[in-house]
There are 2 protein chains.
Amino acid sequence: MANSETADSPMAILVDDDAEVRDSLQELLRSVGIESMSFSSAQDVLSAKLPSRPGCIVLDVRMPGLSGIDLQQLLAAKDIQTPIIFLTGHGDIAMSVEAMKAGALDFLTKPVRDQAFLDAVSTAIATDIARRAALAVAQKNSALYESLTPREREVLSFVVSGAMNKEIAFGLGISEITVKLHRSNMMKKMNARSVSHLFNVCQSLPADIQCRLRIASAAGKPIARPGARGHFAN
Amino acid sequence: MANSETADSPMAILVDDDAEVRDSLQELLRSVGIESMSFSSAQDVLSAKLPSRPGCIVLDVRMPGLSGIDLQQLLAAKDIQTPIIFLTGHGDIAMSVEAMKAGALDFLTKPVRDQAFLDAVSTAIATDIARRAALAVAQKNSALYESLTPREREVLSFVVSGAMNKEIAFGLGISEITVKLHRSNMMKKMNARSVSHLFNVCQSLPADIQCRLRIASAAGKPIARPGARGHFAN
DNA sequence: AGGCAGCCTATACCCAAGTCTAGGGTGCCT
DNA sequence: AGGCACCCTAGACTTGGGTATAGGCTGCCT
């Protein structure tokens with residue numbers, strides 16, 4: 001039926017060693033219009049090229065070879081953050097708690113009520129759509145940041161920390177006018193019209209870059225300061 | 001032993017209907033220098049005045065009257081966000097998953113290994129310390145925000161959205177010079193030296209206030225704009 | 001050797017932001 | 001009626017940020 005949309009329609013990934021389970025779940029998902037693909041082992045998932053579509057991964061825990069829990073960790077190590085739902089007949093509390101702490105979105109037990117399963121999958125897909133949207137923004141902005149020269153990045157650090165041009169100039173040991181140049185170029189590259197916009201762009205930047213920003217700007221210390229520069233005092 | 005420190009030392013709260021369990025856990029915690037108080041029912045916790053110290057709540061699930069799960073929800077409703085650890089002999093996977101989804105930090109089963117219990121409590125306490133630190137900052141900044149007049153709050157919204165004074169003036173239907181006045185007063189009250197600092201202050205503001213900011217500033221739209229004002233173009 | 005990117009500097013000018021002073025209006029509380 | 005908080009406005013001025021133009025330096029690639 002619905003097959004023409006290989007684009008961005010959600011895709012559930014089922015991993016279970018029991019073919020019967022896979023088929024019935026796929027059928028169930030198809031009945032509500034959710035496409036799915038299935039694997040019979042964790043290894044198959046790792047070696048397969050997963051589609052870059054919003055979706056979720058439904059994992060059995062006990063399988064020959066790698067367990068579902070193992071796969072969860074391996075996927076995390078590969079930085080694959082597609083939401084994971086566990087679905088198992090052989091689990092215990094400790095296992096479910098570990099899985100949840102490791103970021104699983106849900107942990108269902110077989111036999112599962114159809115509606116409970118569909119709800120979990122829907123929630124997971126919605127989560128993934130939101131996650132991917134945020135990721136897309138982060139990557140776009142990350143590319144902007146990468147286009148900056150070293151100097152421009154230093155200036156950026158100072159700017160987001162609230163330093164004035166003259167402070168930046170002092171901090172970098174260059175003239176204020178040069179700071180203006182770098183700053184101006186940086187703002188253009190970051191596609192920011194004002195400091196506020198710059199902040200918004202920086203906000204949705206990968207965590208590692210944000211760290212670099214804060215560390216670098218530690219020199220330019222902001223925060224408080226009662227009678228700083230004849231401004232507020234008086 | 002350690003009793004003189006009623007100040008900010010951590011305090012675990014144990015809730016279990018079994019006096020023997022309570023006593024042995026308290027003893028265990030005392031052995032590693034963690035103070036604790038215990039309750040025999042969920043009702044007692046709700047009616048008691050909980051100490052405002054960093055800590056965690058250790059909850060049995062099955063108790064006469066309100067269950068641990070019930071108590072978790074009631075505490076959440078009362079906006080008490082002290083980390084919760086479940087410790088139960090009568091749980092199932094569904095229950096543990098629901099508890100974890102509802103924000104529980106851990107879900108242990110009796111009999112519990114001493115070390116596992118202590119680890120969970122330590123982690124929870126550390127979490128709470130961090131949470132409370134963040135909360136303290138949020139409350140301080142929230143107080144700053146509350147001290148603003150309605151006009152100043154409107155101006156703040158525009159400022160964080162990157163609007164220029166003249167845009168703010170147009171948006172509010174007042175003169176640019178009045179905007180400067182409000183803006184200046186607002187910056188002083190918010191204890192911010194620059195737009196960047198203002199942003200940092202706003203960042204650590206309660207979520208509800210941040211919402212108000214964004215909604216209000218939706219009028220002043222930021223983002224992109226190729227040839228906006230003769231600046232970049234040319 | 002020439003071209004290019006990145007870095008630094010300078011002068012000059014414009015505009016946006018912030019301050020100071022000095023007013024006028026409203027509504028609320030005592 | 002006076003005091004106060006909040007809101008609005010104006011003119012004159014200072015400072016900070018941004019642009020344009022114009023130049024010199026290094027190092028890398030072709």
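Computed from a prediction, not measured in an experiment: that's the story for all the values here.
- At a cut-off of 3.5 Å, with distance as the only test, no side-chain donor of S40(B) or R22(B) sits close to an acceptor on the other residue.
- When the C1' atom of dC8(D) is taken as reference, atom CD1 of I174(B) falls 8 Å away, rounded to whole Å.
- Of the two residues near DNA chain C, E176(A) and K189(A), the one whose nearest nucleotide lies more 5' is K189(A).
- Between N165(B) and dA16(C), a side-chain N or O to OP1/OP2 separation shorter than 4.0 Å is absent.
- Following rounding to the nearest Å, R193(B) (CZ) and dT19(C) (P) show an atom-to-atom distance of 13 Å.
- To the nearest angstrom, P of dT14(D) lies 14 Å from NZ of K180(B).
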Practice item. Show your reasoning for whether side chain to side chain donor-acceptor pair (under 3.5 Å) applies to S204(A) and N141(A). Key: CA-CA 7 Å; S204(A) 53; N141(A) 292 340; 2.7 Å; yes
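- Taking atom CD of residue E154(B) and atom P of nucleotide dC6(D), one finds them 15 Å apart after rounding to whole Å.
- Heavy atoms of I177(B) sit under 4.0 angstrom from at least one base atom.
- Using a 3.5 Å distance cut-off with no hydrogens or angles, the side chains of S36(B) and R30(B) do not pair a donor with an acceptor.
- For the pair E152(A) CD and dC8(C) P, the computed distance is 10 Å after rounding to whole Å.
- Residue-level contact check: T149(B) touches the backbone only, with heavy atoms under 4.0 Å from sugar-phosphate atoms and none from bases.
- Going from atom CE of M186(A) over to atom P of dA5(C) covers 21 Å, rounded to whole Å.
- If you check the side chains of S122(B) and D119(B), you find no donor sitting under 3.5 Å from an acceptor.
- Here R183(B) reaches the OP1 or OP2 of dG18(C): one of its side-chain N or O atoms lies under 4.0 Å away.
- A donor-acceptor pair is defined here as one N or O able to donate and one able to accept, closer than 3.5 Å; no such pair exists between the side chain of S184(B) and the backbone of K180(B).
- Residue-level contact check: S175(B) touches the backbone only, with heavy atoms under 4.0 Å from sugar-phosphate atoms and none from bases.
- When the nearest nucleotides of DNA chain D are assigned to T178(B) and S147(B) by heavy-atom distance, the more 5′-ward of the two goes with S147(B).
- Each of N185(A) and L172(B) lies near DNA chain D, and the nucleotide nearest L172(B) is the one positioned closer to the 5' end.
- Taking atom NZ of residue K188(A) and atom P of nucleotide dG17(D), one finds them 17 Å apart after rounding to whole Å.
- Picking from dT19(C), dC8(D), dA16(C) the nucleotide with the shortest atom distance to the side chain of L181(B) gives dC8(D).
- Listed pair K166(B) / dA16(C) meets the phosphate criterion, a side-chain N or O lying under 4.0 Å from OP1 or OP2.
- Summarising the geometry, the separation between NE2 on H182(B) and P on dC8(D) is reported as 4 Å, rounded to the nearest angstrom.
- When distances are taken from the side chain of R151(B) to each of dA16(C), dG17(D), dC7(D), the shortest belongs to dC7(D).
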